[in-house]
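Following: one structure in structure tokens, then a few remarks.
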2 protein chains.
Amino acid sequence: MDLQLPPTLRQLRVACSQCNLMELCLPVGLSEEDVARIEELIGTRRKLKRHQALYEVRSPFQALYAIRAGSFKTTIVLEDGREQVTGFQMTGELLGLDGISTGQHVVSAIALEDSEACVIEYARLEALAREIQGLQAQFHKVLSREIVREQSVMMLLGTMRAEERLAAFLLNLAQRFAARGFSGTEFRLRMTREEIGSYLGLKLETVSRTLSHFQEEGLIEVQHKNIRLRDRERLRGLIQAPLSH
Amino acid sequence: MDLQLPPTLRQLRVACSQCNLMELCLPVGLSEEDVARIEELIGTRRKLKRHQALYEVRSPFQALYAIRAGSFKTTIVLEDGREQVTGFQMTGELLGLDGISTGQHVVSAIALEDSEACVIEYARLEALAREIQGLQAQFHKVLSREIVREQSVMMLLGTMRAEERLAAFLLNLAQRFAARGFSGTEFRLRMTREEIGSYLGLKLETVSRTLSHFQEEGLIEVQHKNIRLRDRERLRGLIQAPLSH
DNA sequence: ACGACAGGTTGACCGTCATCAACGAAAACG
DNA sequence: CGTTTTCGTTGATGACGGTCAACCTGTCGT
């Protein structure tokens, strides 16, 4: 199983020409000229305060968003009000892909902290993708990667127990922080226990208990939202050999 | 929540020029000329016997597959051997999207019955998508639709109880059969109880029991793999008002 | 700076579904 | 065509995580 995203880009909190439009072009080594053209894509930027929506479910889709700073959650809701977090996104990741299908967003994207996102008008992206082959290829990879990520989550929700889910979640977060040049050992959770639980198909009490349990076992240190991984290997072992509990 | 795919195409068991390359072009109304060009995409066809793999996990990705006849499941496996079904696909649907991301498949696609698939070489598709705008747009929609579908499954796995999951599953199947011109009321399951359970995050015994329970309640008739929906509305109600159990 | 409230922890109890097991029926095989 | 194997059903039991509740701590807003 692999909740880990591919090892991506470093230094992301920089100017667009530096950050290379996030995951959209870095890995493919576009020409300088192409990179310059891609910058045309970026229209406005949007700053969001904590809890503000970048877009809401059912709103018309017209743009993707590259997270420039901060972090987000995406949530989907049932008619009866039940809500589920379908993902947490951080710097450099792309939001809004769910809207392409029907022209309306099917999830809402909510800032977990004060954040900033670059607006990528979708019509422009499609046009440019036709001209720059590398951009098209990379965009398809981003879409496919999201499909793969969600399959990992399905696996997690379908076959793993609470401990395993939490372990996988923490390791995934660590991996993504590390990929961004932050510590992969010590980090701060941007989301609440309830949001974690929603994402992992658990109740907040179970999340809290399991974290405490990990701490007793010496696997991690928890202090409110601050997490420190103390024994990555055993944490990883939890996922692979769940029955040895 | 919406496990239902958009109402798509009818008459699919026909020649390529008739079936309009499945979900790839029908909804967008391409010109006749474009449709003709798209037919170039189809290389060989592959016939598969029941239980045969269309592609295996970790195999190199080079093509997508449009299901021409029959049906498939996609499965993902953990190192420890646990396996999960991530989807069931039927005529007209596209397989292989998971491979675009890394160039290797992350799931295996297994025929649930004797089946046939059209091979769409991916390099050709990318090239043609640059030339035919409608094709590019449609392909993006297909990718996005898969993202949305998986989000529905995450919701199902994360928040629903066994009864609700089964009800959602049956209604989704019915909807897809109907969209293909078959009966949406009476149909034959192509998969085993174990495969259903794996997809829904349940054990096969629970699937069996829940189906029996639905039958006692007069919601459906079950006879081995044959299903008949007797009260769609109450079935639908199960999903929306789970607490009234 | 203070107070209110959201967020987090822990405990006791209970329900849903997993597990183990036995049996029966259909389908695949030679 | 009969045998073997896969598939499905049903029952008894128990564990994992949900639920309800009380309490504590930190954070946010004024």
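Only heavy atoms go into these numbers, but all of them, side chains included; no hydrogens, no water, no symmetry mates. All figures in this text were calculated on a predicted structure; none of them were measured in a lab. The sequence lines fix the lettering, A, B, ..., with proteins before strands; numbering per chain opens at 1.
Minimum atom distance to the side chain of A/Arg188 is reached by D/dT27, of the listed D/dT27, C/dT19, D/dC20. Closest to the side chain of B/Thr192, from the set C/dT16, C/dT9, D/dG8, is D/dG8.
Residue B/Gln223 contributes atom CD, which lies 13 Å from atom P of C/dA25 at whole-angstrom precision. Rounded to an integer number of Å, the gap from B/Glu205 CD to D/dC7 C1' is 12 Å. Per the geometry, CD belonging to B/Gln215 stands 15 Å off P belonging to D/dG8, to the nearest Å. Rounded to an integer number of Å, the gap from B/Leu211 CG to D/dC7 C1' is 13 Å. The separation between A/Lys203 atom NZ and D/dC20 atom C1' is 13 Å, rounded to whole Å. A straight line from CG of A/Asn226 to C1' of C/dG8 spans 14 Å, rounded to a whole angstrom. Distance, B/Glu194 CD to C/dA18 C1': 14 Å, rounded to whole Å. Atom CG of B/Leu200 is separated from atom P of C/dC17 by 12 Å (rounded to the nearest Å).
For B/Phe182 and B/Phe187, the distance between ring centers is not under 6.0 angstrom.
For B/Arg50, a side-chain nitrogen or oxygen approaches OP1 or OP2 of C/dA28 to under 4.0 Å. Phosphate contact (OP1/OP2 of C/dT9, side-chain N/O of A/Arg193, threshold under 4.0 Å): present. OP1 and OP2 of D/dC16 both lie 4.0 Å or more from every side-chain N or O belonging to A/Thr206. OP1 or OP2 of D/dC7 has not a single side-chain nitrogen or oxygen of B/Lys225 nearer than 4.0 Å.
Residue-to-nucleotide contacts include a donor-acceptor pair under 3.5 Å from the side chain of A/Arg209 to the base of C/dG11. Judged by atom type and distance alone, B/Glu163 does not reach the base of C/dC17 through any side-chain donor-acceptor pair under 3.5 Å. Side-chain atoms of B/Arg165 stay outside donor-acceptor range of the base of C/dT16, with no qualifying N/O pair under 3.5 Å.
Applying ring-ring contact (aromatic ring centres under 6.0 Å, His included) to A/Tyr55 and the options A/Phe72, A/Phe61, A/Tyr65 leaves one that passes, A/Tyr65. With A/Glu113 as the fixed residue, the salt bridge (charged side-chain N to carboxylate O under 4.0 Å, His left out) test singles out one of A/Arg50, A/Lys47, A/Arg188, A/Arg190: A/Arg190.
Residue A/Gly197 is out of contact with every strand shown, counting any heavy-atom pair closer than 4.0 Å. Heavy atoms of A/Leu204 sit under 4.0 angstrom from at least one base atom.
Looking at A/Arg82 and B/Glu164, a side-chain N of the basic residue comes within less than 4.0 Å of a carboxylate O on the acidic one, giving a salt bridge. Checked for salt-bridge contact, B/Glu93 and B/Arg180 meet the test: a charged N lies under 4.0 Å from a carboxylate O.
Atom CD of B/Glu150 sits about 7.0 Å away from atom OG1 of B/Thr86, to the nearest 0.5 Å.
Looking at which nucleotide of DNA chain C each of A/His51 and A/Ser212 is closest to, the 5′-most match is held by A/His51. Comparing A/Ala162 and A/His224 against DNA chain D, the residue whose closest nucleotide sits nearer the 5' end is A/Ala162.
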